[in-house]
Protein chains: 2
Amino acid sequence: MTPSLTGLPFDDIRGLMQSLPDADLDAVEKVRARDRTLTKPAGALGRMEEIVEWLAAWSSKSPPSVTRPLVAIFASAHGVTQRGVSAYPDAVNRAMLENFAAGGAAINQLCVANDIGLKVFDLAIDMPTPDIGSEPAMSEKDCAATIAFGMEAIAGGTDLLCVGEMGIGNTTVAAAIYTALYGGGAEAWVGPGTGVDGAGLKRKAAAVEAAMATHAGHLNDPLEVLRRVGGREIAAIAGAILAARYQRVPVLLDGYVTTAAAAVLHALEPSSIAHCMAAHRSAEPAHGRALERLGLKPLLDLGMRLGEGSGAALAVGVVKAAIGCHVGMATFEQAAVPRAN
Amino acid sequence: MTPSLTGLPFDDIRGLMQSLPDADLDAVEKVRARDRTLTKPAGALGRMEEIVEWLAAWSSKSPPSVTRPLVAIFASAHGVTQRGVSAYPDAVNRAMLENFAAGGAAINQLCVANDIGLKVFDLAIDMPTPDIGSEPAMSEKDCAATIAFGMEAIAGGTDLLCVGEMGIGNTTVAAAIYTALYGGGAEAWVGPGTGVDGAGLKRKAAAVEAAMATHAGHLNDPLEVLRRVGGREIAAIAGAILAARYQRVPVLLDGYVTTAAAAVLHALEPSSIAHCMAAHRSAEPAHGRALERLGLKPLLDLGMRLGEGSGAALAVGVVKAAIGCHVGMATFEQAAVPRAN
């Protein structure tokens, strides 16, 4: 059961971290037992076998199934764009929400391709959060409410959650979160995002540095990092990831920005994202390094850098195929195939 | 048009290499022109965009489509198994053919998952080729006929060819081909295959070394490499790849064994495999190195090592999704999304 979400202050979120449901090892063992009987050399399906075990562990179901996968896109706007950190104007935010609704975005096509439901959550897209370079993005109350919104958002709707996002400026915000959590300086974490040039990249690094200076002394607590230098979509994604854990729904992380939400949770309690798999390594240079910090190895590496949940949606095809093999293959006995010598 | 195949001697195959159809650059330019209008930052779909361009180039169709993808499995048996190179007995060959027919193998599930046709070609599965460690696998006539069989096999049947194989012992045969073509010694090219242990791996290396010694002085010609230390499935796959080029059908290579067929063609004429994309990097350790020799970067890297066309079949889902994005996305104009600053 998902705990009550009303008026969740940060301390209650910290409390949630202490009572996370564990992996269902019995379900994993059942998967492994069946896998040993299937007509293939042991381990020959590689990470396809790992996927099935992961689904069983976190859905408590063996064999696991994915019949209602969902891409949940959380969209928000960011005051830090006034620092010239993006190649695109803020007006893209609303236009892309309309594009999602009309079925014209990449994520719409990927959801069609892999038969995935799509929900888009508008987190006050016309009201940018304050510029993180000079003030906190959210109050504690707003941040907690946004986390709670993310928790509610996925209630009762899916057996595989793909978290996605949209928000001009949010790779800068994500870079600020990584810099605050992991150090190493802003330049190590910023990247081209939607496609900024050399000068734009310098503005991104400067914006992150300004955020680090403004919020210095307050960045030891991951939830403070989230509210001060984060954004609403990242807070909501953190909530969705947590709620999925309680509802025994495995999560596919998408790219650079959604991974920042996982990084906040991981910094609070490393085991809190054990039900998450990384779907795709973004072309955003620092994403691979962020995934390494989280101990996650992405399923795909196709050079995409779009957000919207695109990498996660693409990986759903692989996840479904993995289940198909596990459930549909004949056993050595059924097929009368000789075993290894 | 595919040239006449009757009684094709090696010299005619060499002749085919001189008149290969080229990439359709007009179709590629049309893809690029449309891509620039789609509602995403330029390049943000990474290799998904490369896939669409590749399909257009080699199918001469813009936008490209994949409505009849086909997995063609070529199956054969290998006398070299008498040297103890495989963890499985030869009897697995026929049993697996029956498993394919009954729908119980991994490839059957992957074809269902991605809506792919499946054809299995039995290349005298009960009559192993002679042990390559002591004599040639095929006569020139048999090898040429098998290449021609592979060319016929895919006639009139697909718009995306996934080449796959099955044959106990064929990772040893593939290793012999790589060693003959690229040097470096047998140990650099053999691997666990279906799962041989240390002693089995040594027997594989010894078998490849025996083949190199037996056929020394005859391995400068890639077609001689194919007939002497290859196998029927690899010869047929080489034919299928060539025929696909003439029929303007793009090809997805699968793993370690199918790549050996591409390596033979590449050694004859590097441009002859320009219509091939590598679907998946096998867990077989030397596969990545073989792909590098061919200048191919695999789409997927999921640690599979099963053959059967499994990696290629899995990649078909990605290919279809790439087309879906290219064809289905709205343009900036249609969606009234502001462009980059």
Problem set entry | Interatomic spacing from CG in B:Leu55 to CG in B:Leu160 - rounded to 0.5 Å | 6.5 Å
For this session: Check each atom of B:Ala106 against the heavy atoms of chain A and say whether the ones under 4.5 Å are side chain, backbone, both or neither.
Result: both
May I have a table of the donor-acceptor pairs connecting chain A and chain B at distances under 3.5 Å?
| from | atom 1 | to | atom 2 | distance (Å) |
| --- | --- | --- | --- | --- |
| A:Thr39 | OG1 | B:Asn99 | ND2 | 2.9 |
| A:Ala42 | O | B:Arg305 | NH2 | 2.8 |
| A:Ala44 | O | B:Arg305 | N | 2.8 |
| A:Arg47 | N | B:Leu302 | O | 2.7 |
| A:Ala87 | O | B:Asn341 | N | 2.5 |
| A:Ala87 | O | B:Asn341 | ND2 | 3.3 |
| A:Asn99 | ND2 | B:Thr39 | OG1 | 2.9 |
| A:Gly104 | O | B:Ala330 | N | 2.7 |
| A:Gln109 | NE2 | B:Gly328 | O | 3.4 |
| A:Leu302 | O | B:Arg47 | N | 2.7 |
| A:Arg305 | N | B:Ala44 | O | 2.8 |
| A:Arg305 | NH2 | B:Ala42 | O | 2.8 |
| A:Gly328 | O | B:Gln109 | NE2 | 3.4 |
| A:Ala330 | N | B:Gly104 | O | 2.7 |
| A:Asn341 | N | B:Ala87 | O | 2.6 |
| A:Asn341 | ND2 | B:Ala87 | O | 3.3 |

For this session: Side chain from CB out, backbone as N, CA, C, O: work out which of these in A:Val337 comes under 4.5 Å of a heavy atom of chain B, or both, or neither.
Result: both
Exercise. In terms of heavy-atom pairs under 4.5 Å, which option from A:Ala322, A:Cys325, A:Gly193, A:Ala335 contacts chain B the most?
Worked result: A:Cys325
Exercise. If you round to the nearest 0.5 Å, how far is CG of A:Leu253 from CG of A:Leu291?
Worked result: 8.0 Å
For this session: Can you measure from CG (B:Leu302) to CG (A:Leu45) and round to the nearest 0.5 angstrom?
Result: 10.0 Å
For this session: Select one option (side chain, backbone, both, neither) describing which atoms of A:Leu300 are under 4.5 Å from chain B's heavy atoms.
Result: side chain
Exercise. Is chain A contacted by the side chain of B:Ala91, its backbone, both, or neither, given a heavy-atom distance below 4.5 Å?
Worked result: both
For this session: Could you have a look at A:Ala330, A:Gly104, A:Ala44 and say which one has the most heavy-atom pairs with chain B under 4.5 angstrom?
Result: A:Ala44
Problem set entry | Contacting region of B:Ala42 [heavy-atom separation from chain A under 4.5 Å] | backbone
Problem set entry | Residue selection (most heavy-atom pairs with chain A, distance under 4.5 Å) from B:Gly195, B:Ala336, B:Ala87, B:Ala95 | B:Ala87
For this session: Could I get the full list of side-chain contact (heavy atoms from CB on, under 4.5 Å) partners for A:Ala321, not counting sequence neighbours?
Result: A:Met48, B:Leu110, B:Ala113, B:Leu314
Problem set entry | Toward chain A, the part of B:Val112 with a non-hydrogen atom under 4.5 Å | neither
For this session: Counting only heavy atoms closer than 4.5 Å, note whether B:Phe100 contacts chain A via side chain, backbone, both or neither.
Result: neither
